[in-house]
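Lettering follows sequence order; numbering is per chain, from 1.
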Amino acid sequence: AQKVTQAQTEISVVEKEDVTLDCVYETRDTTYYLFWYKQPPSGELVFLIRRNSFDEQNEISGRYSWNFQKSTSSFNFTITASQVVDSAVYFCALSEAVTGRRALTFGSGTRLQVQP
Amino acid sequence: DTGVSQDPRHKITKRGQNVTFRCDPISEHNRLYWYRQTLGQGPEFLTYFQNEAQLEKSRLLSDRFSAERPKGSFSTLEIQRTEQGDSAMYLCASSSYSDEISYEQYFGPGTRLTVT
């Protein structure tokens, strides 16, 4: 069975602060995918990133960066110099990569509030 | 193509009534997924299609729920004899899958169901 845990229910920061959202996962699969999605107040889930389990390189995209550590089963997401527009609920998700099913198992989300 | 669309966006119904939701995926996507999201939780997988074939149904999908994708394009999700516990956001996502390679799931805006 797969499980994703996002222990931080809600985080509040002031604009321009850096913030890290934690994600810990459990799976018996040796090959899997990890994802982050953003859900702004409008409600639509927006895809941010997908990582393969065999690729542990960290990734940076603008103000966003992701730290994947297989040894600790974590896939953390950092926003540098946060902005008010980053306010949203962020979901970490996991899918298997062997059977082709690809259904996503989501964590419960972290609500990020960026204050001006 | 403007992405995944869902109709209606909101539905209020009385307990015991039947409701049907529609999802139009991104046109070139052969995979279509349905998820359910309750307040404060991450989305939970319900079922998915590859073209017109329904490949899996979650145990969350009771006998009152049925989904179809008759021509491998749009999909419908019907709930019969609605119960208050069915109140949730119903999300549709689509993706492209071929040769065991799949790509990100792109989500629609969701249909928010309220059962009174």
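- Screening A:Phe35, A:Phe91, A:Trp36 for a ring pair (Phe, Tyr, Trp, His ring centres under 6.0 Å) with A:Phe77, the sole residue that qualifies is A:Trp36.
- For A:Arg50 and B:Glu104, the salt-bridge test passes: some basic side-chain N is under 4.0 Å from an acidic carboxylate O.
- Counting heavy-atom pairs closer than 4.5 Å to chain B, the top-ranked of the candidates A:Leu104, A:Leu45, A:Val89, A:Val4 is A:Leu104.
- A 4.5 Å side-chain heavy-atom check between A:Trp66 and A:Ser61 finds at least one atom pair inside the cut-off.
- With a threshold of 4.5 angstrom between heavy atoms, B:Gln37 approaches chain A through side-chain atoms but not through N, CA, C or O.
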Worked check of side chain to side chain donor-acceptor pair (under 3.5 Å) between B:Gln54 and B:Thr47: CA-CA 7 Å; B:Gln54 187 174 19; B:Thr47 187; 2.7 Å; yes
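- For chain A, the option among B:Gly110, B:Gly40, B:Gly42 with the highest count of heavy-atom pairs below 4.5 Å is B:Gly42.
- Both the backbone and the side chain of B:Gln41 have a heavy atom closer than 4.5 Å to some heavy atom of chain A.
- A heavy-atom distance below 4.5 Å is not found between the side chains of B:Phe107 and A:Gln39.
- Between B:Phe21 and B:Pro8, some side-chain heavy-atom pair lies under the 4.5 Å cut-off.
- The closest side-chain heavy-atom distance from A:Glu96 to A:Arg102 is below 4.5 Å.
- Among residues 59-84 of chain B, no residue has any heavy atom closer than 4.5 Å to a heavy atom of chain A.
- With contacts defined as side-chain heavy-atom distances shorter than 4.5 Å, the pair A:Ile11/A:Leu21 qualifies.
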